[in-house]
S.K.: 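Take this structure first; my questions come after.
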Amino acid sequence: MGANRGLLFTFLCFVVLHGWSLYSAEAAVHYYDFVLKKSNFTRLCNTKSMLTVNDSFPGPVIRVQKGDVAYVNVHNQGKYGVTIHWHGVKQPRNPWYDGPENITQCPIPAGTNFTQEIIFSDEEGTLWWHAHSEWSRATVHGAIIISPTDGTTYPFAKPDAEEVIVLGSWYTGDVKAIIDATLATGASPNLSDAYTINGQPGDLYNCSKDSTYHLLVEHGKTYLLRIISAVMNEEMFFGIAKHNITVVGMDGAYLEPINVQYIMITPGQTMDVLLTANQSPSYYYMVGSPYADTIAPFDKTVTTAIVRYHGNYGPPPSPASPSLPASNDTPAAENFMRRLKSLVSKDYPINVPKNVTTSLYITASVNLIDCHGKCAGPMGMRLSASMNNISFQKPTVDILEAYYQTLPNVFTDDFPEKPPYEFNFTGDVGPNKIFPSLGTKAKMIDYNEAVEIVFQGTNVGPPENHPMHLHGYSFYVVGFGSSNFNSTRDPSNYNLVNPPLVNTIGVPKNGWLAIRFIANNPGVWFMHCHIEKHASLGMEAVLIVKNGTTAATSMRPRPGYMPPCSTS
């Protein structure tokens, strides 16, 4: 790390002496070392060796202020290549360090290191980082906390304390072996064996009671809970017994405060929630339970932690439990989504595009690939997934490098603006709609276009909610609904006044969802479902936002070193 700091110091001196201005004078620079290696952890009566950062699960917290810059030197001491993604950080003009494997970089080879530059801009609140190489994010992830700048504060009363709450998935088996087997055989991947809160499954699982996470609170004080869903394949309801909570932020932006009994949080999302300790001193369960309104298999277990009040009292025989919606309660999930609205004020203005200049209509489906009875999926076929009926195939040379260097035969720029053929997407789709095409396709977008994307869920394969994540941008969720999107009727009901500004959002089961943003961040940006099994099966695409007409509206030059790509 010392050598890297010395090189960085020399570079920054060169920048200053030559009059280059990379960051504002107020921006602080932070340095972190992430050591990726196998560590032993015991859960559910079993010990296993798994990939972690700095021997911790969840991994270390990155703490910055709005507008700062962080350098993270990732030392890969594992056995295979891995990348790290800074989820929700826009990285203005800087896709080189965004992290998705074979999209903006190739994996950091085992036995090497790679220093990534994370440029924070207008994000404020809670984000997170995670590995972006197949299923390695199950154990390689952690929080990013972005505090207000000096001289400013939260748009709500300052809490007495704060705590990071990470919801995760636990697999007794090796997660790389699980996804490798899925991709080799075409079968459905193993389900997780537990969910976790801050790395612990909780009282309801075997051999877990003594290690249950406890949040200590004092009566009358208010706590800012920075909630992150690192869960792999299920969305979650979350609540605390006998306590309402107030949601004040989401995905690094503020919301109009809403007082609720529960939240619904998708894989990839973060929420800032205020908890006031206003009940009688005792123990109260904090619970995460799955929302998975689908016929596809899912982990039906429940994770718990304990909110424990300070004081002299005897603990109850069993903590009180919250009443959370059932796993198939879609109205409960959608009612929560409807309440999410941006906080709009002089200090927190919003800019919802009103006049759309680029429109995309994108279906999201779970599919099959015919392998003539030789695969282990349904009917002897291979499981797949798609966007606009194209199952994304990752190249061996990363797309950003290919785009920047104009390399041939890596990707094509013909991702369709609408589904290749129209049918009743949410009705009886019939067997002929189940097979996707395969491709590595990108959609080219001119700089500063006002973009609308309508995601359409389909009845192809088991329908369910699909949390869509777009790298490099936050976007406004201007509307959602059931059944097929109607381009004449549905836009009249859009919320263009105070829609939530997020980077990950669930497309309703057999429904649609519309987002808008200004394409003012040039680069190669990944777009995918954040249910990990769907992403691995191909529910992914790439947006390439072209450079503007000036250096300040163009991608930054390629760094001198990027991890090398495979040629096979």
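All figures in this text were calculated on a predicted structure; none of them were measured in a lab. By convention here, the first residue in the shown sequence is residue 1. Atoms considered below: every heavy atom in the structure, side chains included; atoms not considered: hydrogens, waters and symmetry mates.
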S.K.: With a cut-off of 6.0 Å (strictly less than), are more than 12 heavy atoms of other residues, nucleotides or ligands near NZ of K38?
M.R.: yes

S.K.: Taking 4.0 angstrom as the limit, do E449 and K443 come out as a salt bridge?
M.R.: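 No, no charged N to carboxylate O under 4.0 Å.
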
S.K.: Is it the case that the ring center of F57 lies less than 6.0 angstrom away from the ring center of H141?
M.R.: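 Yes: the rings meet the under 6.0 Å criterion.
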
S.K.: Side chains of N448 and T553, heavy atoms from C-beta outward: is any pair under 4.5 Å?
M.R.: no

S.K.: Are side-chain heavy atoms of V166 and N198 found at a separation under 4.5 Å?
M.R.: yes

S.K.: May I have the step-by-step check of ring-ring contact (aromatic ring centres under 6.0 Å, His included) for Y473 and F475, ending in yes or no?
M.R.: CA-CA 6 Å; Y473 288 89; F475 49 78; 9.2 Å; no

S.K.: Would you check if N73 and D33 make a side-chain contact, meaning some heavy-atom pair closer than 4.5 Å?
M.R.: yes

S.K.: Do NZ/NE/NH1/NH2 and the carboxylate oxygens of R226 and E162 come within less than 4.0 Å?
M.R.: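 Salt bridge between R226 and E162, a charged N being under 4.0 Å from a carboxylate O: yes.
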
S.K.: Contact between I118 and F120 at the side-chain level, heavy atoms closer than 4.5 Å - yes or no?
M.R.: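 With C-beta onward as the side chain, the pair touches.
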
S.K.: Taking the side chain from D174 and the backbone from K176, do they hold a donor-acceptor pair closer than 3.5 Å?
M.R.: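 A pair under 3.5 Å: yes.
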
S.K.: Provide the closest heavy-atom pair for Y80 versus L51 in the form atom of the first, atom of the second, distance.
M.R.: OH-CD2, 4.0 Å

S.K.: Taking W96 for its side chain and R556 for its backbone only, find out whether a donor-acceptor pair lies under 3.5 Å.
M.R.: yes

S.K.: What pair of heavy atoms forms the shortest contact from S391 to S384, and how long is it?
M.R.: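 So the minimum-distance heavy-atom pair works out to OG-OG, 3.0 Å.
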
S.K.: More than 12 non-hydrogen atoms from neighbouring residues, nucleotides or ligands closer than 6.0 Å to CG on N40, yes or no?
M.R.: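 Enclosed: over 12 neighbouring heavy atoms sit under 6.0 Å from CG of N40.
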
S.K.: Using the test ring-ring contact (aromatic ring centres under 6.0 Å, His included), find all partners of F41 that sit at least two apart in sequence or belong to another chain.
M.R.: none

